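These figures come from a predicted structure and were not determined experimentally. Naming: A, B, ... by sequence-line order, numbering from 1 per chain.
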Number of protein chains: 2
Amino acid sequence: MNDHSLYKNSFDNCPLTFALNLIGGKWRLPIIWALSKNGTMRYNELKRSIHGITNMMLTQSLRELELYGIINRKQYMEIPPRVEYSLTDNGKNLIPALKALAHWGKQMKSLITQNNIELESVETVNETEDEK
Amino acid sequence: MNDHSLYKNSFDNCPLTFALNLIGGKWRLPIIWALSKNGTMRYNELKRSIHGITNMMLTQSLRELELYGIINRKQYMEIPPRVEYSLTDNGKNLIPALKALAHWGKQMKSLITQNNIELESVETVNETEDEK
DNA sequence: CCGCATCCGCAATGATACTG
DNA sequence: CAGTATCATTGCGGATGCGG
């Protein structure tokens, strides 16, 4: 049982912060994004499509998103086990807002990249690990 | 010099995650929100309007938002010092997207509250400190 | 195949005190 | 008034290994 950060701070009075805390964290958005593109996905399908996620984080994120009513979890009682995930209506309602944000992010990215802002150092990310 | 988390992970390929990292962190949104409501604000004005923020975090967040081109900083060389902050056009462009997200958050909040989901424990937030 | 528990490092945040 | 510097804290996310 870990701590769900839903009711912690001063989210209560701010729907925006509330939303950000529902979709916050490192892996929730990638999951939502993948499901919005592919419809219904199985556990390992998700895991393969989200580069770098561990079982731990995937399971945890899925459980939280399910708890919040953003995704559906459908478990088939068979051997071997099969579990399918998909967006709920609430989850789908989120997509347009995300697209708006993504649009803004795209603008910002080109601006920031153009102006070549000197955010010190870390420009060597995909330099050393390209293949593999 | 602290680490700006802009180019760290796999933001590069995802405008959405890029956006989330521009406005992420605990205090950036409250600052943007305050500025979008009040237009131009001075340092201590911001500090008073954002409950619980320290000088440290306020300064740091302001610097980062300025670096990203989301807010303007105008310093008047006088005694006592006066510094005014406001949203740039980029910052203003963000507001509609935030409103969409906030709208969704509002829906989610009422749903989650209605269904009275048992997010264990922390339901005693404003129980013990009500007055004061 | 799907998922959970435990331990741990590190970056983000907080507290406090000081400065032009 | 508008910050800066330093140290302490904390909680998210990563690694690893087990369980149905």
Given [options], identify the nucleotide with an atom nearest to the side chain of [X].
X: M56(A); options: dA2(D), dA15(D), dG3(D); value: dA15(D)
X: T59(B); options: dA2(D), dG3(C), dT4(D); value: dT4(D)
X: R42(A); options: dA2(D), dC1(C), dG3(D); value: dC1(C)
X: Y43(B); options: dG3(C), dG3(D), dC1(D); value: dG3(D)
X: P81(B); options: dG20(C), dG3(D), dC1(C); value: dG20(C)
X: Y85(B); options: dG13(D), dG3(D), dT13(C); value: dG3(D)
X: T54(B); options: dG14(C), dC1(C), dA2(D); value: dG14(C)

Fill in: Heavy-atom pair with the smallest gap, counting every atom of L29(B) and I23(B)
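Nearest heavy atoms, L29(B) then I23(B): CD2-O, 3.6 Å.
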Discussion item. Please give me the minimum heavy-atom distance between A102(B) and P15(A), naming the atom from each residue.
Written reply: O-CB, 3.4 Å
How long is the line joining [atom1] of [X] and [atom2] of [N], in whole Å?
X: M77(B); N: dC1(D); atom1: CE; atom2: P; answer: 18 Å
X: N55(B); N: dT13(C); atom1: CG; atom2: P; answer: 16 Å
X: M57(A); N: dT16(D); atom1: CE; atom2: P; answer: 16 Å
X: I53(B); N: dG3(D); atom1: CD1; atom2: C1'; answer: 13 Å
X: M41(A); N: dC2(C); atom1: CE; atom2: C1'; answer: 15 Å
X: L58(A); N: dC1(C); atom1: CG; atom2: P; answer: 14 Å
X: Q60(A); N: dA15(D); atom1: CD; atom2: C1'; answer: 14 Å
X: K26(A); N: dC10(C); atom1: NZ; atom2: C1'; answer: 12 Å

Is [X] near enough to [N] that one of its side-chain N or O atoms lies under 4.0 angstrom from OP1 or OP2?
X: W27(A); N: dC12(D); answer: no
X: R73(B); N: dG3(D); answer: yes
X: R63(B); N: dT4(D); answer: yes

Discussion item. Does Y76(B) reach a base, just sugar-phosphate, or nothing at all? Heavy atoms under 4.0 Å.
Written reply: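 Nothing: the residue Y76(B), judged by heavy atoms under 4.0 Å, touches no strand.
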Discussion item. Does N44(A) reach a base, just sugar-phosphate, or nothing at all? Heavy atoms under 4.0 Å.
Written reply: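 Contact class for N44(A): sugar-phosphate only.
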Fill in: Interatomic spacing from CE in M108(B) to OH in Y68(A) - rounded to 0.5 Å
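Between atom CE of M108(B) and atom OH of Y68(A) there are 10.0 Å.
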Discussion item. For the residue pair E66(A) / Y85(A), report whether a side-chain donor-acceptor contact shorter than 3.5 Å exists.
Written reply: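 There is no such pair between these side chains.
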Worksheet item: Is it true that E45(A) and K47(A) have a side-chain N and a carboxylate O under 4.0 angstrom from each other?
Response: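 Looking at E45(A) and K47(A), the cut-off is not met.
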